[in-house]
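Data block below; observations after.
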There are 2 protein chains.
Amino acid sequence: MLNYTTSEENYIKSIYHLQKDSDTVNTNSLAAEMQTSAASVTDMLKKLKNKKLLQYERYRGFKLNETGKKVALGVVRKHRLWEYFLVEKLGFDWDKVHPIAEELEHISSDELIKRLEHFLGSPSFDPHGDPIPDRNGKIPVIKQLCLSVVPLKHSVTVSSVANQTPQMLEMLKHYHIGIGTTIIVTRHFEFDGSLEIKILRQPSCILSEQVAKNVFVHYDQ
Amino acid sequence: MLNYTTSEENYIKSIYHLQKDSDTVNTNSLAAEMQTSAASVTDMLKKLKNKKLLQYERYRGFKLNETGKKVALGVVRKHRLWEYFLVEKLGFDWDKVHPIAEELEHISSDELIKRLEHFLGSPSFDPHGDPIPDRNGKIPVIKQLCLSVVPLKHSVTVSSVANQTPQMLEMLKHYHIGIGTTIIVTRHFEFDGSLEIKILRQPSCILSEQVAKNVFVHYDQ
DNA sequence: TATTTTTTTTAGATTTGTCTAAATTTATTT
DNA sequence: AAATAAATTTAGACAAATCTAAAAAAAATA
């Protein structure tokens, strides 16, 4: 596989994330996402089109082709493996690792990533619960649902968190909730949508609907 | 501390290595070291002088000042910690890690390096036996001598290897010699300068003078 | 010391990625 | 459908890092 510049990789990654939500992407939303000007985006689109990484007709929006998606998945893979390393091996809090992984994801060695993955035990999900694509770009899937809609008395495990701010982290730390935590919802208060939950070896506690809406879980086997 | 570009850091590091041998550095030798043109070196020298990292009078050579040396030591520190990580944690052969560490050394986070160092157990020497500067730029010293001049029957430990090519690595692997290996020189053949050595749990073997001249050791306590 | 050679610097281009401002195309409203 | 607004692209510029070729300075040699 060819090598791309850090800037190209960043554009490709952002397009990839945007086109998951809305099939074709437009210039302004990419400019907003990347905090740059629409003109810069247009410039880069021409380069990426020349390198055959995306479909693009001027004024008509754009989307990554298969090659482009593979490149994007490679960058996402590296980003999430490094995040896992930073949290699990170096002990960073998960809300601190993003900017560092943004740099590490552009280190080019394939052998490095192969060995890093093995060293980490081939994790399937990063510390935020986001899936880590495998070497072929395959993304592990998991049947997730929002904690706010989980039925009472079912045992579920936290698999990801939507809002990844320091404020949310602080909140979750206080409640002893992290990726992998097992939770049972014991009551649902109609009035404000808040939940009473039970975590193993913790006293019961109440979560606001706002928090619950940002926590995603899967059913335990 | 300010941030510098990857290119600036690479120039600073190369100047640092060159000025260890010859107090003041000249344009052509830096150009050769960095595999670039003398004109490019002059361009960069002006930038580094503006940023107050080196003493430089045109046509008169140049050298890093104290600020420049600190920056250089920071880069060297990062390079060697990453090399240690790549060899000790990811299982790379030591002759494969240099180009990867050349990329990793430019990752900017200080917190990352602090935690990486702690994770690695604060090593003092990298896998080639080169010293790792501490957070303040202090370089651990060790009283080294060349294996070719070690007196007979003294127990010594390999601390570094001068020639770090794949060919040398292959040779040393064959003899079961690495950084940290304990060696006793049992005979010295005047004819060709070759040595008979004994390594714990290995049969005695003969090293050519050429190999011995590239191996550095220190006396055991 | 005068000449030649070597080293170093300058001058002028080039590439990559960015910018602002103006022009163009598309979309939305009267 | 015409006018207006919004989105997008082009034109032209700039900074960083590089290059080649020419000029200038320093060093070596005759």
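Below, chains carry the letters A, B, ... as their sequence lines are ordered, and counting in each starts from 1. Computed from a prediction, not measured in an experiment: that's the story for all the values here.
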If only side-chain N and O atoms of [X] are considered, is one of them under 4.0 Å from the OP1 or OP2 phosphate oxygen of [N]?
X       : N      : value
A:Arg60 : C:dT26 : yes
A:Arg58 : D:dA7  : no
B:Lys46 : C:dT10 : yes
B:Asn26 : C:dT7  : no

Next on the checklist: Checking contacts here: which listed nucleotide (D:dT9, D:dT18, D:dA26) is nearest the side-chain heavy atoms of A:Tyr56?
Outcome noted: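 Ranking D:dT9, D:dT18, D:dA26 by closest atom to the A:Tyr56 side chain puts D:dT9 first.
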Next on the checklist: Please pick, from C:dT25, C:dT8, C:dT18, the nucleotide with the shortest atom-to-atom distance to any side-chain atom of A:Ser40.
Outcome noted: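 Ranking C:dT25, C:dT8, C:dT18 by closest atom to the A:Ser40 side chain puts C:dT18 first.
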Separation of [X] atom [atom1] from [N] atom [atom2], in whole Å?
X        : N      : atom1 : atom2 : value
A:Asp43  : D:dC14 : CG    : P     : 16 Å
B:Met34  : D:dA17 : CE    : C1'   : 11 Å
B:Phe62  : C:dT7  : CZ    : P     : 14 Å
B:His106 : D:dA17 : NE2   : C1'   : 14 Å
A:Asn28  : C:dT24 : CG    : P     : 19 Å
B:Lys49  : C:dT8  : NZ    : P     : 16 Å
A:Tyr59  : D:dT9  : OH    : C1'   : 4 Å
A:Gln35  : C:dT18 : CD    : C1'   : 15 Å

Next on the checklist: Under 4.0 Å, counting only non-hydrogen atoms across every strand here, what does A:Thr27 touch: a base, just sugar-phosphate, or nothing?
Outcome noted: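 Touches sugar-phosphate only.
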Checklist entry - Is B:Ser37 touching bases, backbone alone, or none of the nucleic acid, heavy atoms closer than 4.0 Å? => result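 The residue B:Ser37 makes base contact.
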Please check this pair: side chain of [X] against backbone of [Y], looking for a donor-acceptor N/O pair closer than 3.5 Å.
X        : Y        : answer
A:Glu103 : A:Ile100 : no
A:Glu88  : A:Phe85  : no
A:Arg115 : B:Leu90  : yes
B:Gln19  : B:Leu64  : yes
B:Asn136 : B:Lys138 : no

Show the distances under 3.5 angstrom between N or O atoms of the protein and N or O atoms of nucleotides 15-17 of chain C.
residue : atom : partner : partner atom : Å
C:dG17  : OP1  : A:Thr5  : OG1          : 2.6

Next on the checklist: Can you confirm whether or not the ring centre of A:His98 sits under 6.0 Å from the ring centre of A:His128?
Outcome noted: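 No, ring centres 6.0 Å or more apart.
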Checklist entry - Taking the six-membered ring for Trp, are A:Phe62 and A:Tyr56 parallel (under 30°), tilted (30 to 60°) or perpendicular (over 60°)? => result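 Ring orientation, 0 to 90° scale: perpendicular.
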